[in-house]
Asker: 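My structure is below; once you've seen it, I'll send some questions.
This chain uses plain numbering: 1 for the first residue, then up along the sequence. Atom set for the values below is all heavy atoms of this structure, side chains included, hydrogens, waters and symmetry mates excluded.
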Amino acid sequence: MAVAYAIILILLASSSSAAAANAKSEFGCYESIISFGDSLADTGNLLLLSPADNKPAAARPPYGRTFFHHPTGRFSDGRLVIDFIAQRFGLPFVPPYIGGQNGELHGGGFSKGVNFAVVGATALGYEFYEKLGFHNPVTNVSLRTQLDWFKRFLSTIPDGKKYLEKSLVVVGEIGGNDYNHPLSQGATYDVIQSFAPAVVDYIGSTIQELIKLGVKTMLVPAIPPIGCLPVYLTQFKKSSTIRDYDPKTGCLNWLNEFARYHNKLLKKELNRIQELINPDQIDIIYADYYNAAMRFYLSPNEYGFSKKGILRACCGAGGPYNYNASAECGSSPATCCDDPSSFASWDGLHFTEAAYRLIAQGLFDGPYTTPRVKTTICPSISFL
C-alpha cells in the first residue's frame, strides 16, 4: 500500500512538472529575438556609437520619460514596437549589440536576443546616396553593416543554427530613411520613387541571405504613413495646397501614396521569396505598420488621442504641428506636452509609446500581418 501511494505521488509530481514545462513552452514560442532596422527599432545602438561630446537627442530628457523614466537611446517617450513584441513573448527587452559584443554589457551575452538597429540607418549603403548628392547626417550604418555585425555575432555562438531556429527575426522597419534623408534635402517624389525598387530589392536580398544563414521565422515591417508626420507637414506646408491633404486625416496625400508604393513593392518581394522556399520550414510575415497606424489617424478619439493634436508633436518648439527643425526635442526652446499618451507623434518624426503600443497590438490582435501572426508563428499563445 505504501509503495502504491509512493508511485501515485511520483506520477502526480511528474504530471505536474510536465504541465509546467508545457505551459512554459507554450508561452515561450521563441527563446530570443533578433532585430534589424532604424530609429523605429533602435534600443540604444546609436547612443553607444556616439562620442561623449556628440550624443543624440535621445540621450537627453524628456526622451524615455513615460516607461523607463530616463533616456535609453530610444527615440520615443517609452517603449517601441520591438519592446512590445518582446513582452508579448515573455522575453526581456532586446539589448543593443554595440557595447555588448565583447561581453561588456547585458551580463556578457545575448542569449535572449540582440538588436542591430541603428537610428538613421538606411537599407542601401551611404555611398549610393552620396553619388546622388544626398548625405546621411546621422550615421554611415546601413542594413549591410547590420548584417555584417550579425554574422560576426553568429560566429561566436557554439550552436548558431539551433539559436536561429528558436529566434524570431524582425527585419525592420528599414527603408524609411532611404527616403527621409533625401526628402529633407530637397528630393522630389519622382526622385525617391526612382530608387525605391533598389531599396526593396536590397531588403529582399538581405532576407534571402538570412535564410541561408539558418533563420526560420521573420517579421518584416512596412513603412508607416509618413504623410502624417509633423516633420513633413511642417516642411511642405508652404508648398502645399488644400488638394494635397487628405480631408479625412489632414495628412499629405502624396507622401502617404509613396509609402503605399514602397509597401506594395515590399509585399511583392516577400511573396516572390516565399515562392522560392519551403513554406513548411520558413515563415516570412509582412507587418503592415502603415494600416495599423492609419487607424488612429482616421479615428483619433477612438484610440485615445486628441483630434486636435493627432498631427502635432508632443515634444517640440511650436508652429502648427509643434515641430521646428532647428529646435529638436530635448533642446531649448522645445518643450514637452503633459500627457504623451494623447499624442501619436513624440518628436515630429517618431511615434509615442502609446502609438507604438497600438501598432504592436494591431500586429498581434488585429489583421495587420500577412499571414496572421497568431495562426502562423505562435498558435498556442493568447494575444489578449
Asker: Looking at Asp148 and Arg144, is there a salt bridge between them, counting it only when a charged N and a carboxylate O are closer than 4.0 Å?
Answerer: yes

Asker: Would you find a donor on one side and an acceptor on the other, under 3.5 Å apart, between the side chain of Gln146 and the backbone of Gly37?
Answerer: yes

Asker: Please confirm whether Tyr356 and Phe84 have ring centers closer than 6.0 angstrom.
Answerer: no

Asker: For the pair Leu40 and Leu80, evaluate side chain to side chain contact (heavy atoms under 4.5 Å, CB included) and give the outcome as yes or no after the intermediate values.
Answerer: CA-CA 7 Å; Leu40 271 64; Leu80 313 177; over 6 Å; no

Asker: Just verifying a value: how many Å separate Asn140 CG and Thr122 OG1, rounded to the nearest 0.5 Å?
Answerer: 9.0 Å

Asker: Any non-hydrogen side-chain atom of Ser76 less than 4.5 Å from a side-chain atom of Phe351?
Answerer: no

Asker: Centroid separation under 6.0 Å, is that true for the rings of Tyr289 and Tyr368?
Answerer: no

Asker: Indicate yes or no: does Arg74 engage Asp83 in a salt bridge with an N to O separation below 4.0 Å.
Answerer: yes

Asker: Quick one: closest heavy-atom pair of Ala313 and Gly348, and the distance?
Answerer: CB-N, 3.5 Å

Asker: Could you check whether Phe150 and Phe36 have their ring centres less than 6.0 Å apart?
Answerer: yes

Asker: Could you grab the distance from atom CD of Glu173 to atom CG of Leu266, nearest 0.5 Å is fine?
Answerer: 10.0 Å

Asker: Looking at every non-hydrogen atom in both residues, tell me the closest pair between Ser332 and Ala327 and how far apart they are.
Answerer: O-CB, 4.3 Å

Asker: Check step by step if side chain to side chain contact (heavy atoms under 4.5 Å, CB included) holds for Lys151 and Leu213.
Answerer: CA-CA 9 Å; Lys151 290 178 179 178; Leu213 291 169; 4.1 Å; yes

Asker: Does a salt bridge link Arg272 with Glu269, judged by any charged N lying under 4.0 Å from a carboxylate O?
Answerer: yes

Asker: For the backbone of Ser50 and the side chain of Lys55, can you confirm whether one donor and one acceptor N or O come within less than 3.5 Å of each other?
Answerer: yes

Asker: Hey, does the side chain of Asn45 reach the backbone of Ala117 with a donor-acceptor pair shorter than 3.5 angstrom?
Answerer: yes

Asker: Between Asn291 and Met294, is there a donor-acceptor pair closer than 3.5 Å when you use the side chain of the first and the backbone of the second?
Answerer: no

Asker: Does any part of the side chain of Val114, heavy atoms only, come nearer than 4.5 Å to the side chain of Trp149, both counted from C-beta?
Answerer: no

Asker: Does the SG-to-SG distance between Cys314 and Cys337 fall under 2.5 Å?
Answerer: yes

Asker: Hey, does the side chain of Asn256 reach the backbone of Arg260 with a donor-acceptor pair shorter than 3.5 angstrom?
Answerer: no

Asker: With respect to the side-chain SG atoms, do Cys315 and Cys336 come within less than 2.5 Å?
Answerer: no

Asker: Is the distance between the ring centroids of His181 and Tyr129 under 6.0 Å?
Answerer: no

Asker: Could you check if a side-chain atom of Leu210 sits within less than 4.5 angstrom of a side-chain atom of Val171, using non-hydrogen atoms only?
Answerer: yes

Asker: Working note: Tyr179 + Tyr189, criterion ring pair (Phe, Tyr, Trp, His ring centres under 6.0 Å); need CA distance, chi angles, decisive distance, verdict.
Answerer: CA-CA 9 Å; Tyr179 316 120; Tyr189 183 103; over 10 Å; no

Asker: So, Asn115 and Thr43: side-chain donor and acceptor under 3.5 Å apart, yes or no?
Answerer: yes

Asker: Under a 4.0 Å N-O cut-off, is there an ion pair linking Glu127 with Lys131?
Answerer: no

Asker: Check Gly113 against Val94 and note the closest heavy-atom contact, atom names and distance.
Answerer: C-CG1, 4.0 Å

Asker: What distance do Leu298 atom CG and Tyr303 atom OH have between them, rounded to the nearest 0.5 Å?
Answerer: 9.0 Å

Asker: Are Phe93 and Phe68 close enough that their ring centres sit under 6.0 Å apart?
Answerer: yes

Asker: How close do Ala59 and Leu47 get, heavy atom to heavy atom, and via which atoms?
Answerer: CB-CD1, 3.4 Å

Asker: Both conditions, 6.0 Å and 45 degrees, for the charged tip of Arg312 above the ring of Tyr321: are they met here?
Answerer: no

Asker: Main chain of Pro62, side chain of Arg65: is a donor-acceptor contact present, judged purely on distance under 3.5 Å?
Answerer: no

Asker: So does Tyr126 get a backbone contact from the side chain of Asn136, meaning a donor-acceptor N/O pair under 3.5 Å?
Answerer: no

Asker: Closer than 4.0 angstrom, basic N to acidic O: yes or no for Glu353 and Arg79?
Answerer: yes

Asker: Distance to the ring centre below 6.0 angstrom and angle to the axis at most 45 degrees; does that hold for Arg372 and Phe364?
Answerer: no

Asker: Can you tell me if Ser341 and Asp339 form a side-chain donor-acceptor pair at under 3.5 Å?
Answerer: yes

Asker: Would you say Leu276 and Gln208 make side-chain contact, with heavy atoms under 4.5 Å?
Answerer: yes

Asker: Do Phe134 and Val191 come within less than 4.5 Å of each other through their side chains, counting heavy atoms only?
Answerer: yes

Asker: Which atoms form the tightest heavy-atom contact between Pro71 and Pro61, and what is the distance?
Answerer: CG-N, 3.5 Å

Asker: Counting only heavy atoms not in Lys161 (residues, nucleotides, ligands), do more than 12 fall under 6.0 Å from its NZ?
Answerer: no

Asker: Would you please say whether a donor-acceptor pair under 3.5 Å links the side chains of Ser167 and Ser32?
Answerer: yes

Asker: Does this structure show an ion pair linking Asp365 with Arg88, if we count only N-O contacts that are shorter than 4.0 Å?
Answerer: yes

Asker: What's the separation between atom CD1 in Ile85 and atom OG in Ser35, rounded to the nearest 0.5 Å?
Answerer: 8.0 Å

Asker: Any side-chain donor paired with an acceptor under 3.5 Å for Ser39 and His350?
Answerer: yes

Asker: In terms of the angle between their ring planes, are Tyr63 and Trp346 parallel, tilted or perpendicular, with boundaries placed at 30° and 60°?
Answerer: perpendicular

Asker: Quick one, Cys251 and Leu311 - any side-chain contact, counting heavy atoms below 4.5 Å?
Answerer: yes

Asker: Is there a side-chain contact between Val200 and His262 in this structure, where contact means two heavy atoms from C-beta onward sitting under 4.5 Å apart?
Answerer: yes

Asker: If you round to the nearest 0.5 Å, how far is CD1 of Ile98 from CG of Leu48?
Answerer: 7.5 Å

Asker: Below 3.5 Å, can you tabulate the donor-acceptor pairs from side chains in residues 222-238 to any protein atom, sequence neighbours excluded?
Answerer:
from   : atom 1 : to     : atom 2 : distance (Å)
Tyr232 : OH     : Asn180 : OD1    : 2.5
Thr234 : OG1    : Pro230 : O      : 2.8
Gln235 : NE2    : Leu183 : O      : 2.9

Asker: Would a 4.5 Å heavy-atom cut-off, applied to side chains only, mark Val118 and Asp38 as touching?
Answerer: no

Asker: Are Tyr30 and Thr217 linked by a side-chain donor-acceptor pair shorter than 3.5 Å?
Answerer: yes

Asker: Nearest heavy-atom pair of Ser111 and Tyr163: which atoms, and what distance?
Answerer: O-CE1, 3.7 Å

Asker: Classify the side-chain pair Glu130/His135 by whether it contains a donor and acceptor separated by less than 3.5 Å.
Answerer: yes

